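To start, the structure itself, in structure tokens.
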Amino acid sequence: MSDDKESKIKSLGFDEAMEDLKFLAQKLSDMSKDLAQKASEQAEGATDKVGDIVEATGDALISAGETIKSTKKMFEDE
């Protein structure tokens, strides 16, 4: 590029604009990483909660089964 064209580009602020674009692209990249990390953490939390619900449901079913067995035994003993 000739010196004349290069000086016109500099005078229009393209160098500063490019630096701003690079900064904004880096900022966007960082924000995307943060969002992905937060989404991952929330997914882990949801998975833990679902696991707790499944475990509690299993405990309730076992308890219900034990109650049915003992009730059945009471009627059989009579």
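Quick note: residue numbers are just sequence positions, from 1. What you are looking at is a predicted structure, and each value in this text was computed from that prediction instead of being measured.
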Check your understanding: Quick one: CD on Q26 to CE on M31, what's the gap to the nearest 0.5 Å?
Key -> 12.5 Å
Practice item. Using a 4.5 Å cut-off on heavy atoms from C-beta on, say whether the side chain of L24 contacts that of L28. Key: no
Check your understanding: Donor-acceptor pair, S40 side chain versus A36 backbone, under 3.5 Å?
Key -> no
Practice item. Verify, without hydrogens or angle tests, whether S29 (side chain) and A25 (backbone) share a donor-acceptor contact under 3.5 angstrom. Key: no
Check your understanding: Atom OG1 in T57, atom CD1 in I62: separation rounded to 0.5 Å?
Key -> 11.0 Å
Check your understanding: For the atom pair CG (D30) and CG (L35), what is the distance rounded to the nearest 0.5 Å?
Key -> 11.0 Å
Review point. Taking the side chain as C-beta and beyond, is there a heavy-atom pair between Q37 and K33 under 4.5 Å?
Key: no
Practice item. Begin from the C-alpha positions of K38 and E41 and carry the test salt bridge (Lys or Arg N to Asp or Glu O under 4.0 Å) through to its verdict. Key: CA-CA 5 Å; K38 287 178 183 175; E41 289 169 2; over 6 Å; no
Check your understanding: Would you call E66 and K69 a salt bridge, using N to O less than 4.0 angstrom?
Key -> yes
